[in-house]
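Step one of this worksheet: look at the structure below.
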Amino acid sequence: MKIAMIGFGTVGQGLAQILRDKADELCERYGFSAKIVAVYTRSRGSLVHPHGLDPAALLQAIAGGSLDQYPEQDRLERGWDALRIARESNADVLVEVSPTNLETGQPALDICRAALESGRHIVLANKGPVAVAYRELALKAEAAGRAFLFEGTVMAGTPSLRLAREALAGCTISEVRGIINGTTNYILTQMETGMGYSEALQQAQDIGYAEADPTADVDGWDAAGKAIILAQALFGVRFTFDQMSVRGISHLTAQDIADAKAVGERWKLIARVTPESASVQPQRIPVTHPLAGVSGGTNALTFTTDLMGEITLIGAGAGGIQTGFGVLSDLLAIYRQVRS
Ligand code: HSE
């Protein structure tokens, strides 16, 4: 499988690390082999090679500051823009892992459109195009007979969408509720131990949980974007931000955290999605509640179903390797589908 990566930040590098470290295992166990034939970054260079770029050398180059440091070789091309890669590279799959823009989905949305129009599958960890233009992309992909997959957009590689759409197919899901932002959950957890808000946020950024602009995380918009994706993917319903009640955690003080703690409660940023409504709100919940035990960058979602009652999924909600795995799980799904 030939893949083109648009974006080579935390998630793109996470995927490259997985492909570097698990190439033999993926080939032996599944017969799966992925070649990175193009990598684009906005300000740190871009590379195209029809026979594949070496993941280890890509990681080394970016660690040195720029893909320009990638060693010269025959047929290597530099400097292609993202649209040209989407249209003219020899990739089977375009992997969109550039920073999320929840307002317009751009520039990633146009790149996804171009990739589908050029006959490529698209896999996204970038939430923007999925939240903004889910229906358009789904219809385009269907018409072209190509995949439009985005497991990494919600709960990183923890299989929230695949669980709901595949393993629970046949159940009717009436509500999804839980913690779907790693940064805020990490901050709240650290503040309970006495750490200040700014230091906790800085740590979340250092670990690679936070968005390029962490305002989206702390003000609840990242979780709201994921709620929009869940509503589309699970209920076929489109919500916009102005139809949702959204509040983040940036107003919470150390005193608020201490007050909750004193009466056996914890603050959590809770998203709730039903076919009728979607919201994101900080809530005080008893420490005995299952969601209260979900700490740090971990996320959790409870699916309320008709046939199975409640099913709760707990796992990593952010992080480069974890979200890179979300992308890999989609690539493997395409590979299985193409083979069958
Ligand atoms: N910034 C996001 C979070 C990354 O903290 O959950 C995963 O989507």
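For ligands, and for the atoms within them, numbers begin at 1 and follow the listed sequence. One is the number of the first residue; the rest follow in order along the sequence.
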Measuring from non-hydrogen atoms of M155 to any atom of ligand 1, is the shortest distance under 4.0 Å? no
Measure from the side-chain N and O atoms of H49 to the backbone N and O of I36, and report whether any donor-acceptor pair falls under 3.5 Å. no
List every atom of ligand 1 that sits less than 4.0 Å from any heavy atom of G317, numbering the atoms from 1 in the order shown and giving each element. 6 (O), 7 (C)
For ligand 1, which atoms have a heavy atom of Y209 less than 4.0 angstrom away? 1 (N), 2 (C), 3 (C), 4 (C), 5 (O)
S340 (side chain) donor-acceptor with Q337 (main chain) under 3.5 angstrom: yes
Nearest non-hydrogen partners of V246 and Q281, listed with the distance: N-NE2, 3.8 Å
With a cut-off of 4.0 Å, which atoms of ligand 1 are near a heavy atom of G182? 3 (C), 5 (O), 6 (O)
Donor-acceptor pair, distance only, cut-off 3.5 Å: does the side chain of T298 make one with the backbone of V294? no
List ligand 1 atoms under 4.0 Å from D217, heavy atoms only on the residue side. 1 (N), 2 (C), 3 (C), 5 (O)
Which ligand 1 atoms are under 4.0 Å away from a heavy-atom of K226? 2 (C), 3 (C), 6 (O), 7 (C), 8 (O)
Take atom CD of Q60 as the centre, draw a 6.0 Å sphere, and report whether it contains more than 12 heavy atoms from other residues, nucleotides or ligands. no
Can you tell me which portion of D222 lies within the under-4.0 Å heavy-atom range of ligand 1? Options are side chain, backbone, both, or neither. side chain
Closest approach of D330 to G152 (non-hydrogen atoms, all atoms of both residues): OD2-N, 4.4 Å
Aromatic rings F148 and Y134: how do their planes relate, parallel, tilted or perpendicular, breaks at 30° and 60°? tilted
Is the contact between T183 and ligand 1 made by the side chain, the backbone, both, or neither, using heavy atoms and a 4.0 Å cut-off? both
Quick note on ligand 1: atoms under 4.0 Å from a heavy atom of E211 include exactly 1 (N), 2 (C), 4 (C)
